[in-house]
Amino acid sequence: MTEFFGKRWHDMGGDPAGKISYDQHDFALWEKRVDALMVLASTAGLMNTDSLRRVLEDMGEEAYEAMSYYERWIASVGQNMIEVGAFSTAELARKMAQVKARGSTYGDAT
Amino acid sequence: MPHDHQNDEPLSSSGHPFRADDDTKLSYWQVMEIAVRELLIEKGHISASQVHEQINRMDARSPANGATIVARAWTDPQFKAALLTNAGQTSRDMGFDIGPMQLIVVENTNSVHNVVVCTLCSCYPRNLLGLPPDWYKSRAYRSRTVVEPRKVLSEFGVEIAPDVQVRVHDSTADMRYLVLPAKPAEANGVSETLLANWVTRDSMIGVGLPRAPV
Amino acid sequence: MKVRVHSHWPPGHIRTPAYLRGKQGEIEREIGLFNNPEQNAYRLASEQRALVRVRFTMAEVWGDGAETPDDVIEAEIYTHWLEPV
């Protein structure tokens, strides 16, 4: 393990890396909604681009490797909303349990 | 409202409703998206129609917007000068809704080739070109473009002559970048409207060159 | 104007990339005042800070390992990260 000197994982310029993959996926409706929520919550003054990024960075490299782009984004938006007091952790917990109970697919639950 | 499908479901580019995510097993993060959205609506921070409108606005943004701007710059020297001086205002004046985005346009010439990257995250002129391609957000592109841009460009099929300077723009803070590619000689005499078809998304990121429409 | 980027390594949300810290470049243009991201990221009342674009040569950033020494990198850097050379 190399010694940590302050360069954080997301700060990737110059890091060794392999070939660029050109795989492309179409954005699903739920991903577009995540994007819209970030824009609208920012417009409403509840968060900003820097607070979005700050949470993404603090989630760490493992999250970058294991989660998809909009999975990380909704995790950050949710965290930002709790921080700013838009809703409480308990309210989010209750709502997520309700949503989950609606069905087994996104179409059923949304 | 499990089965209350509102009229806010956009169609895919093929014209079909998005279904894949509707039919696969509901994930933790999808549950969170629904919950966050409903809570923000219930508490009056946002409205369902705003979400719908924002998705429509985003779907309407595509590289075609940037291509229109490039084609105008290729045919109107005064417009090009304005674009290089104040790209944001010039784009707004042309009727593009780019929101609060701060834009810089950089010009490719006989002696300079520009390419855009964001090493810290995934900054991209999304309010003009739409959402970035997946490779733009990848570790490989973000890491390598600042250290070996010619090799990266070569992988994209763009060979830069030794006497041309490569300028890498790292989108580190508040500005977003659009490359104004050089107009191909073969495109001389083509009208502004048709010229837009020569301008690819990749040519406006700097990893491609304009080409005759197929 | 020639400037050098601070070689500072604090934790937290920072928009100055690691590979440019300690490197010397030339101010390419001034962009204006923006909310300091280092405060904005934590939803603190943000001071307005001047942002400039700095041009670095590949030779300066990567030394002997530069792909083409005369190619350049341009990046936006907040002036509180810069010192005159």
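In what follows, chains carry the letters A, B, and so on, assigned in the order in which the sequence lines appear, proteins first and then strands, with residues in each chain numbered from 1.
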Suppose a student defines contact as a heavy atom less than 4.5 Å from any heavy atom of chain B. Which residues in residues 17-26 of chain C would they list?
P17(C), Y19(C)
Heavy-atom contacts under 4.5 Å, residues 75-85 of chain C to chain B:
A75(C), E76(C), Y78(C)
Close side-chain approach of [X] to [Y], heavy-atom, < 4.5 Å:
| X | Y | result |
| --- | --- | --- |
| V106(B) | E74(C) | no |
| D174(B) | L51(C) | yes |
| M58(C) | V168(B) | yes |

Minimum heavy-atom separation for [X] and [Y], please, with both atom names.
| X | Y | result |
| --- | --- | --- |
| I104(B) | R53(C) | CD1-CD, 3.6 Å |
| I73(C) | V146(B) | CD1-O, 3.4 Å |
| V166(B) | D71(C) | N-OD1, 2.9 Å |
| S171(B) | R15(C) | O-NH2, 4.2 Å |

Using heavy-atom distances under 4.5 Å, tell me whether I31(C) contacts chain B through its side chain, its backbone, both, or neither.
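Just its side chain gets close to chain B.
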Checking heavy atoms, do the side chain of V164(B), its backbone, both or neither come under 4.5 Å from chain C?
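The backbone, not the side chain.
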Would you mind checking which part of P162(B) comes under 4.5 Å of any heavy atom in chain C, side chain (CB onward), backbone (N, CA, C, O), both or neither?
neither
Rounded to the nearest 0.5 Å, the OG1 atom of T172(B) sits from the CD1 atom of I14(C) at a distance of 13.0 Å
May I ask you to check whether over 12 heavy atoms, not counting those of [X], lie within 6.0 Å of atom [atom1]?
| X | atom1 | value |
| --- | --- | --- |
| Y28(B) | OH | no |
| K183(B) | NZ | yes |
| E192(B) | CD | yes |
| N110(B) | CG | no |
| Q78(B) | CD | no |

Taking E148(B) for the side chain and E67(C) for the main chain, is one N or O donor matched with an acceptor at less than 3.5 Å?
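A pair under 3.5 Å: no.
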